[in-house]
Amino acid sequence: MRLNQRGMFDNIKALYWQHKARLGAPSLVHDIRGKGYDVSKRTASRILQKLGLRSKVARKFKLRVAPKLFYNMLPNTLVSASAFL
């Protein structure tokens with residue numbers, strides 16, 4: 001590995017952790033080009049794979065708890081089933 005390439009590896013790794021592992025190859029390419037390296041998205045993704053780094057994916061917000069109106073619409077099958085016993 002060439003010295004210039006080793007410096008690029010270190011810079012990509014530093015930028016990756018500076019952004020709290022949220023950036024993938026396309027965003028890192030923009031930042032690494034600002035540091036003076038001529039890197040393609042494909043090269044950056046290969047470097048990330050070699051280093052074993054993957055970006056955290058931002059998930060869409062999803063309401064995990066059902067609204068209380070939903071509970072009022074359903075019949076209580078436990079009470080009616082125990083009435084027959």
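It should be emphasised that the depicted structure is a prediction, and the values quoted were computed from it without experimental measurement. In this chain, residues are counted from 1 in sequence order.
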Connected via hydrophobic side-chain network under 4.5 Å: I47 and I32: yes
Qualifying residue for side-chain contact (heavy atoms from CB on, under 4.5 Å) with W17, from H19, K20, K13: K13
Neighbour count above 12 (heavy atom, 6.0 Å) for H30 NE2: no
L53 side chain reached by I12 side chain, heavy atoms, under 4.5 Å: no
Flag if over 12 foreign heavy atoms under 6.0 Å of CZ, R54: no
Table please: side-chain donor-acceptor pairs of residues 36-46 below 3.5 Å, with sequence neighbours left out.
{"unit_1": "Y37", "atom_1": "OH", "unit_2": "N11", "atom_2": "ND2", "d": "3.1"}
{"unit_1": "S40", "atom_1": "OG", "unit_2": "T43", "atom_2": "N", "d": "3.2"}
{"unit_1": "S40", "atom_1": "OG", "unit_2": "T43", "atom_2": "OG1", "d": "2.9"}
{"unit_1": "S45", "atom_1": "OG", "unit_2": "K41", "atom_2": "O", "d": "3.4"}
{"unit_1": "S45", "atom_1": "OG", "unit_2": "R42", "atom_2": "O", "d": "2.8"}

Single-linkage hydrophobic cluster, 4.5 Å side-chain cutoff, L48 and M8 together: yes
Qualifying residues under salt bridge (charged side-chain N to carboxylate O under 4.0 Å, His left out), relative to D10, sequence neighbours excluded: R6
Separation between CZ of F9 and CG of L51, rounded to the nearest 0.5 Å: 6.0 Å
Side chain to side chain contact (heavy atoms under 4.5 Å, CB included) between L15 and K35, worked out: CA-CA 10 Å; L15 283 170; K35 294 214 174 215; 4.3 Å; yes
